[in-house]
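Let me begin by presenting the structure, written as structure tokens, before commenting on it.
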Amino acid sequence: DARVTQTPRHKVTEMGQEVTMRCQPILGHNTVFWYRQTMMQGLELLAYFRNRAPLDDSGMPKDRFSAEMPDATLATLKIQPSEPRDSAVYFCANSGQESSGNTIYFGEGSWLTVV
Amino acid sequence: QQPVQSPQAVILREGEDAVINCSSSKALYSVHWYRQKHGEAPVFLMILLKGGEQKGHEKISASFNEKKQQSSLYLTASQLSYSGTYFCGTASGGNYKLTFGKGTLLTVNP
């Protein structure tokens with residue numbers, strides 16, 4: 001049963017620390033998304049990649065957030081330095097096709113708390 | 001712009017029906033529906049593409065009116081397992097920039 005794997009599942013960190021979240025996409029699913037979910041804003045698209053190339057990161061605060069895909073089996077989202085307002089659930093999601101007419105599968109999320 | 005979902009919340013008794021609406025101010029190419037249970041990831045339900053098609057999945061179906069830029073999710077004979085928050089995600093083009101609504105919390109009671 002193919003699925004998107006995210007680590008860590010839960011993270012509590014102090015303000016100012018660096019946080020790295022990792023995602024292992026479903027094999028062969030070449031479109032990777034990072035979403036952030038909060039009570040106030042709901043699900044927000046931060047960035048997405050196709051074939052490891054960044055296509056859109058306009059939803060991501062550029063001063064502290066960065067997203068990369070060093071290889072086809074790993075996507076990372078980094079926050080440096082972290083702030084309390086970054087507390088949220090961060091989802092990695094995948095799709096295998098190049099059109100929005102196709103399914104997007106979500107990972108189980110990384111629950112981040114910045115104190 | 002974020003699609004607007006209505007209602008924000010609905011409470012049903014098992015066996016009752018519900019309709020959740022999703023409307024956008026922009027022309028739509030596709031609408032995606034997801035259900036999320038507390039503490040879990042959103043789970044895909046269905047996609048509707050430009051063309052006004054109606055799709056079904058067991059007792060959950062949906063329609064898409066591209067002229068009105070609206071989609072509706074229909075849940076019939078609800079089951080306890082239907083409880084959760086339902087999100088619509090909309091795309092205005094063939095790319096993947098899905099914008100999600102704020103969700104509709106559905107509670108099904110025995």
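Order of the sequence lines sets the chain letters (A, B, ...), proteins ahead of strands, with each chain counted from 1. This structure is a prediction, so every number in the text was calculated from the model and none was measured.
In this structure, Leu80(B) places its CG atom where more than 12 heavy-atom neighbours from other residues, nucleotides or ligands lie under 6.0 Å away. For Arg9(A), the CZ atom counts as densely surrounded, since its 6.0 Å shell holds more than 12 non-hydrogen atoms of other residues, nucleotides or ligands. Heavy atoms of other residues, nucleotides or ligands lying less than 6.0 angstrom from NZ of Lys68(B) number 12 at most.
No donor-acceptor distance shorter than 3.5 angstrom exists from the side chain of Gln37(A) to the backbone of Phe91(A), with no hydrogens or angles considered. The main-chain N or O of Asp57(A) is found under 3.5 Å from a side-chain atom of Lys62(A) such that the two form a donor-acceptor pair. A donor-acceptor pair is defined here as one N or O able to donate and one able to accept, closer than 3.5 Å; no such pair exists between the side chain of Lys59(B) and the backbone of Leu75(B).
For the residue pair Gly15(B) and Asp17(B), the shortest heavy atom distance occurs at O-OD1, 4.0 Å.
Proximity to chain A among residues 99-110 of chain B is limited to Phe100(B), Lys102(B), judged by heavy-atom separations below 4.5 angstrom. Annotation: residues 105-115 of chain A contacts chain B through Phe106(A), Gly107(A), Glu108(A), Trp111(A) [non-hydrogen atoms, separation under 4.5 Å].
A heavy-atom distance below 4.5 Å is found between the side chains of Ile60(B) and Arg35(B).
A side-chain donor-acceptor contact under 3.5 Å links Ser72(B) and Asn21(B).
For a residue to count as touching a neighbouring chain, one of its non-hydrogen atoms must lie under 4.5 Å from one of that chain's; by this rule Glu44(A) does not touch chain B.
In this structure, CZ in Arg50(A) is found 7.5 Å from CZ in Phe33(A), a value given to the nearest 0.5 Å.
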